[in-house]
Amino acid sequence: MKIHLRHIHADGLHLEGEEECLIPDLAAEEVRCKGPLRYALDLGISEGALWATGSLAQPVELTCVRCLEPFPFDIEAKAFSIHVDLTGPELIDLTPYLREDILLNLPAHPHCDREGGRVCPARTLTESGAATPEADEKRQPDWSVLDKLKLKP
Ligand SMILES: [Zn+2]
């Protein structure tokens with residue numbers, strides 16, 4: 001996403017729209033883009049620097065680390081904010097900044113119940129299967145060895 005400084009007027013520039021997914025390379029890591037990146041940005045120039053604030057949303061499909069099932073998720077960066085010193089070129093590429101912020105908001109160990117808002121099938125399985133029979137723990141102690149010892153003079 002390239003911005004020409006000429007397009008940013010004194011009162012700033014508001015940009016809203018969609019951009020092709022910036023993280024297609026993460027498909028190998030179980031993060032698959034499910035649509036374009038949606039953005040709403042406010043840009044401005046002050047004291048030789050470009051600033052931008054806004055929000056980003058990237059719909060993806062993640063894989064739950066527990067049940068290994070894919071589920072939809074929106075990576076959201078609600079407080080995107082950059083401040084770039086203008087050093088020469090009039091064309092500023094925002095792509096690396098947008099990409100970095102998306103990666104920062106990507107859950108490292110996605111759970112389909114926590115991030116996907118559904119019931120994780122693996123979790124239900126663990127909870128019903130985790131009930132250990134109490135009979136084992138309340139087994140009567142074996143006193144026979146002690147009884148034999150008492151018989152000795
Ligand atoms: Zn799950």
Side-chain angles (χ1 to χ4, degrees), residues 1-139 141:
M1 182 200 269
K2 294 189 173 78
I3 309 288
H4 202 289
L5 296 185
R6 240 190 350 231
H7 295 151
I8 305 176
H9 303 292
D11 55 349
L13 175 70
H14 183 73
L15 281 180
E16 231 176 288
E18 294 183 340
E19 184 90 3
E20 212 172 299
C21 176
L22 300 178
I23 50 169
D25 51 311
L26 289 186
E29 294 168 46
E30 309 286 351
V31 181
R32 292 165 294 275
C33 294
K34 281 289 158 186
L37 164 74
R38 299 190 301 271
Y39 60 85
L41 299 172
D42 283 303
L43 296 100
I45 296 172
S46 71
E47 293 168 14
L50 166 77
W51 57 262
T53 57
S55 59
L56 316 169
Q58 174 62 62
V60 291
E61 187 179 72
L62 302 176
T63 299
C64 176
V65 293
R66 206 182 280 143
C67 66
L68 305 178
E69 284 183 17
F71 66 94
F73 180 71
D74 275 1
I75 304 173
E76 289 187 321
K78 287 179 177 158
F80 175 75
S81 175
I82 55 161
H83 193 269
V84 188
D85 286 329
L86 297 172
T87 48
E90 296 219 300
L91 201 62
I92 307 288
D93 190 5
L94 292 181
T95 307
Y97 303 104
L98 300 173
R99 190 182 138 88
E100 191 186 329
D101 228 52
I102 291 168
L103 293 177
L104 279 175
N105 287 280
L106 176 68
H109 301 285
H111 289 76
C112 67
D113 49 356
R114 194 177 58 195
E115 276 87 21
R118 61 171 214 168
V119 177
C120 181
R123 182 177 196 157
T124 322
L125 221 103
T126 318
E127 276 170 5
S128 57
T132 50
E134 281 183 45
D136 278 10
E137 286 165 31
K138 288 181 178 169
R139 196 177 49 197

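What you are looking at is a predicted structure, and each value in this text was computed from that prediction instead of being measured.
A side chain to side chain contact (heavy atoms under 4.5 Å, CB included) with Val31 is found for exactly one of Ile102, Leu62, Thr63, namely Leu62.
Judged purely by atom type and a 3.5 angstrom limit, Thr95 uses its side chain to pair as donor or acceptor with the backbone of Met1. In this structure, the side chain of His4 engages the main chain of Arg6 through a donor-acceptor pair within 3.5 Å.
Under the rule for a side-chain hydrogen bond (donor to acceptor under 3.5 Å, both in side chains), Asn105 has no partner lying at least two apart in sequence or in another chain.
Annotation: the span from Leu5 atom CG to Leu86 atom CG amounts to 5.5 Å, rounded to 0.5 Å. Taking CG of Leu22 as the reference point, atom OH of Tyr97 lies at 14.0 Å (rounded to 0.5 Å). Between atom CG of residue Leu50 and atom CD1 of residue Ile92 there is a gap of 6.0 Å, rounded to the nearest 0.5 Å. Annotation: the span from Glu61 atom CD to Glu69 atom CD amounts to 11.0 Å, rounded to 0.5 Å.
The closest side-chain heavy-atom distance from Ile23 to Leu106 is not below 4.5 Å. Taking 4.5 Å as the limit, every side-chain heavy atom of Pro121 sits out of range of all side-chain heavy atoms of Cys64. Looking at Pro110 and Val65, their side chains come closer than 4.5 Å, going by heavy atoms from C-beta outward.
Heavy-atom minimum distance, Ser81 versus Thr53: OG-CG2, 3.9 Å. The shortest non-hydrogen separation linking Cys21 to Gln58 is CA-OE1, 3.7 Å. Between Asp101 and Ala77, the shortest heavy-atom distance links the atoms OD2-CB, 3.4 Å. Between Arg118 and Pro70 the shortest heavy-atom distance is NH1-O, 4.5 Å. The minimum heavy-atom distance linking Tyr39 with Leu56 is given by the pair CB-CD2, 3.8 Å.
Sequence neighbours left out, not one pair with a member in residues 55-88 passes ring pair (Phe, Tyr, Trp, His ring centres under 6.0 Å).
Side-chain contact of Thr87 with Asp85: a donor-acceptor pair under 3.5 Å is absent, judged by distance alone.
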What verdict does the side-chain contact (heavy atoms from CB on, under 4.5 Å) test give for Leu41 and Leu13, after you've listed the backbone C-alpha separation in whole Å, the side-chain angles of each residue and the deciding distance to 0.1 Å?
CA-CA 8 Å; Leu41 299 172; Leu13 175 70; over 6 Å; no

Do Leu15 and His7 pass the side-chain contact (heavy atoms from CB on, under 4.5 Å) test, and can you show the C-alpha distance, the side-chain angles, and the key distance before you say yes or no?
CA-CA 11 Å; Leu15 281 180; His7 295 151; over 6 Å; no

Show, in sequence, the C-alpha distance, side-chain angles and deciding distance for Val84 and Leu94, and conclude whether the side-chain contact (heavy atoms from CB on, under 4.5 Å) test is met.
CA-CA 10 Å; Val84 188; Leu94 292 181; 5.7 Å; no

Should Val60 and Leu26 be marked as a side-chain contact (heavy atoms from CB on, under 4.5 Å) after you check the CA-CA gap, both sets of side-chain angles, and the distance that decides it?
CA-CA 10 Å; Val60 291; Leu26 289 186; over 6 Å; no

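For Glu100, the CD atom sits in a loose shell: 12 or fewer heavy atoms of surrounding residues, nucleotides or ligands are nearer than 6.0 Å.
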